[in-house]
Peer 1: 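Before I ask anything, here is the structure I am working with.
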Amino acid sequence: MSIDIKFPDGAVRQFDKGVTGLAIAEGISKGLAKKAVAVKVNGAEWDLTRPIEEDAAFEIITRDTPAGLDILRHDAAHVLAQAVQELFPGTQVTFGPVTEDGFYYDFARDEPFSTGDFEKIEKRMREIVDADLPIIRQVWNKEDAIAHFKSIGEIYKAETIDEVIKPGEPITIYSHGDKWGDLCRGPHLPSTGRLGKGFKLMKLAGAYWRGDQKNQQLQRIYGTAWSDEKQLAEYLQRVEEAEKRDHRKLGRAMDLFHMQEEGRGMVFWHEKGLTLWRTIEAYVRRRLDAAGYVEVRTPQVLDRVFWEKSGHWDKYRPNMFVCETVEGEELSLKPMNCPGHVQIFKFGQKSYRDLPLRMAEFGACHRYEPSGSLHGLMRVRAFTQDDAHIFCREDQIESETTAFIKLAKSIHSDFGLTTDHIALATRPEVRAGSDEFWDKAEAQMLAAARAAGVEPVIAEGDGAFYAPKLDFVIKDAIGRMWTCGTIQLDYVLPDRLDAEYVGEDGQKHRPVMLHRAILGSLERFIGILIENCAGAFPMWLAPVQVVVATITSDAEAYAHEAAAELRKAGLRVHVDAANEKINYKVREHSLAKIPVIAVVGRNEAADRKLALRRLGGDAQQVVTLEEAKALLASEALAPDQR
RNA sequence: GCCGCCAUAGCUCAGCUGGUAGAGCACCUGAUUUGUAAUCAGGGGGUCGGGGGUUCGAGUCCCUCUGGCGGCACCA
């Protein structure tokens, strides 16, 4: 009996019934068979060794493709689990999926693992790979499988099967070694030897069973796995490069900011960091002015009663910074700006002619974030949002949202960040409002995004509890994604705080609120910027734009004069008249990522010129002081001023 | 908050099995006046994160607290 196998290029060839993917691959070429990790049979991923019994569309999955890598990584997780169970008897396996660049496996064990165990575990993993154990696929029925896993003390596995698998549905178990086996959809490699050597254990972490804080905490071992050792080395290199960009490291080295233990999650901005901040804030303010926003400022601390009315006290009290006065009042630092903005909206009577009212604030907020979540500038307890609330009529939601999307994309791109995609976060499990409301609100956000020329990626269940939102996901210079910028629809707060306007009909109406931010928090955004440019800020953002460096002390007076002239042109300039060689100064300021070094020696001082050297190049440009002023001032203009 | 790891000079780090602290950079002083990625010499600087314990003796071992790091959970 023969069957027809159809290849991706359309060719059809006959094979004996029961032929395996591996046999077909070997028939094509030795190299291909070696690189193969699994096959696709009629669109489904199958093991290389599984017999094909009927006509099928056929495709070989190789280890250097994303799908192939995932299979490889899954095998690595299984090999890890086997190694751990052999070395640490009594450890239970739970769950071991593939991640973006590797895999992890969650184990239940009373004794803690330590990273010191990694060497031993990796060694055992290599032994398992070298032993080239066949990986066997077995089909079980649910009840037998549960009984089996219970009998060997794997209660987490038994529980998973019980809940995930429908009664009567067959399940597959993959095993290698004498007795090691795991519930798995597959496919897997034919044998452990094919995993190769491109893997490494990376880190150890606690993780809750099923991701729920109420459950037992398991021990998670993370690893990375690649198709070969070269790719692994390249990955480790990339990780190292990313670490060099760490904003916490650069922030200290560049004297931008610091944090200390008496103020966890609070930032001490140094002069250079604050210069960066002011430059960003001034730029955004200009963009908002141009886009028809008004700017306000609301109180930092307000009475408990106020937060009760807004609903925050009920829901977010544990995360609020609350203080009590000697007179017994209970006050809270503002965790958000929106209730304050509603108060300004409500001051006096608003007409439909006032809408849309776009109310912006660089609002400093405080939130008591869990200690374990704090992370440099990325997650802090005191932060400033580039916040704004657009009060509008329902029929203005779409056009306001569309205009906002365009503004946000333009601002992100001015900072050198590209929009990867926009996510539409839809109704969460726990939510306020009827299904009709959510249908309408989600449709409005979708239509607005499309009107701005973007097709959002749906983020199922990620919406706020009161309404859907659009989140901007941007991509930095080394391909990392950041959620940065958001617009959220809100019908609830205007209602709670009783905001209203007089319509054309003379009646009172509820406005709708759009919460929106483009940078998110200034702190976090600056962190992202630092990592994006690895500290080498573009000229318009650089805290110090020009260093005037002298060659001999004869030129010192002229250096100060030149610096003063450049400052008159609006540039941020330092003078380096230290008793050092010019080589030393060039090196030092290059490492400090100063965009322009203006060298002055006897010649420049005599001719009233500057020898300019740009960061990243070694070419010199000798120009007159007047030329330098005009040239550098124009280079230092913000993108919206060019 | 939970789990694991870590904490030595301003920074980066060394200090083996317990025997009273060391390097490079930075800083200060002096010499040098220099032409595009590190001039030379000298000097100051640490109650080894805090507290407790074991020991004749603790940077080193144990307990505990604080903080940092990596995850998990959380993120209006």
Side-chain angles (χ1 to χ4, degrees), chain A residues 99 104 106 109 112-118 202-222 243 246 248-249 252-253 255 258-264 307 310-312 314-320 334-339 365 367-376 378-381 383 385 462-467 469 483 486 488 490 492-493 515 520-521 524 549-556 577-592 597-604 611-620 622:
Chain A
T99 62
Y104 65 78
D106 285 348
R109 175 175 179 242
F113 289 115
S114 103
T115 43
D117 297 324
F118 279 13
M202 300 296 283
K203 49 199 173 191
L204 185 61
Y208 299 103
W209 170 235
R210 297 182 168 182
D212 191 332
Q213 208 170 355
K214 291 194 281 290
N215 290 340
Q216 189 188 337
Q217 190 153 40
L218 308 169
Q219 301 188 66
R220 175 171 299 178
I221 296 177
Y222 281 93
E243 276 167 10
D246 191 312
R248 294 164 300 187
K249 256 183 199 166
R252 175 185 293 140
D255 196 15
H258 85 269
M259 296 164 108
Q260 59 192 49
E261 62 179 85
E262 296 92 334
R264 301 184 69 189
W307 302 110
S310 74
H312 292 92
D314 258 5
K315 207 163 156 50
Y316 300 108
R317 167 69 186 84
N319 296 304
M320 291 165 72
K334 69 173 170 185
M336 315 188 74
N337 306 301
C338 26
C365 297
R367 296 180 187 174
Y368 189 82
E369 303 286 3
S371 57
S373 68
L374 300 177
H375 181 93
M378 300 302 188
R379 186 87 178 264
V380 290
R381 287 178 174 162
F383 57 93
Q385 294 176 311
D462 265 0
F465 77 95
Y466 50 82
K469 58 177 180 174
T483 300
T486 186
Q488 311 181 359
D490 188 357
V492 177
L493 199 63
H515 304 248
S521 98
R524 179 166 178 274
T550 56
I551 293 176
T552 66
S553 47
D554 294 351
E556 196 173 330
N579 182 4
E580 287 291 349
K581 292 191 171 177
I582 194 63
N583 287 304
Y584 179 88
K585 295 184 185 181
V586 165
R587 178 180 151 83
E588 190 175 31
H589 300 121
S590 298
L591 290 174
I597 302 172
V599 176
V600 295
R602 285 207 185 90
N603 301 338
E604 286 76 13
L612 306 179
R613 179 192 168 111
R614 275 9 188 259
L615 182 61
D618 55 5
Q620 293 174 51
V622 182

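Just so it is clear: chains get the letters A, B, ... in the order the sequence lines come, proteins before strands, and each one is counted from 1. Quick caveat, the model's predicted, so the values are computed rather than measured.
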Peer 1: Should A:R248 be listed as having a side-chain N or O under 4.0 Å from OP1 or OP2 of B:G70?
Peer 2: yes
Peer 1: Does A:H258 make a side-chain N or O approach to OP1 or OP2 of B:G10 shorter than 4.0 Å?
Peer 2: no
Peer 1: Taking atom C1' in both B:G49 and B:A58, what distance in whole Å separates the two?
Peer 2: 16 Å
Peer 1: Which nucleotide, if any, forms a Watson-Crick or G-U wobble pair with B:C5, using both distances under 3.5 Å?
Peer 2: B:G68
Peer 1: Between A:R264 and B:G67, is there a side-chain N or O to OP1/OP2 distance below 4.0 Å?
Peer 2: yes
Peer 1: Categorize A:L591 for me: base, sugar-phosphate, or nothing, with a 4.0 angstrom heavy-atom threshold over every strand shown.
Peer 2: base
Peer 1: Between B:G43 and B:G57, how far apart are the P atoms? Round to whole Å, please.
Peer 2: 36 Å
Peer 1: Under 6.0 Å from the six-membered ring centre of A:F118 and within 45° of its axis: does the NZ or CZ of A:K203 meet both?
Peer 2: no
Peer 1: Between the base of B:G71 and the side chain of A:Y208, is one N or O donor paired with an acceptor at under 3.5 angstrom?
Peer 2: no
Peer 1: Establish, for the pair A:R210 and A:Y208, whether the NZ or CZ atom is under 6.0 angstrom from the six-membered ring centre and no further than 45 degrees off its axis.
Peer 2: no
Peer 1: Do the side-chain N or O atoms of A:N583 get closer than 4.0 angstrom to the phosphate oxygens (OP1, OP2) of B:A37?
Peer 2: yes
Peer 1: side-chain contact (heavy atoms from CB on, under 4.5 Å), that's the test. Do A:V380 and A:E369 meet it? Break it down for me.
Peer 2: CA-CA 7 Å; A:V380 290; A:E369 303 286 3; over 6 Å; no
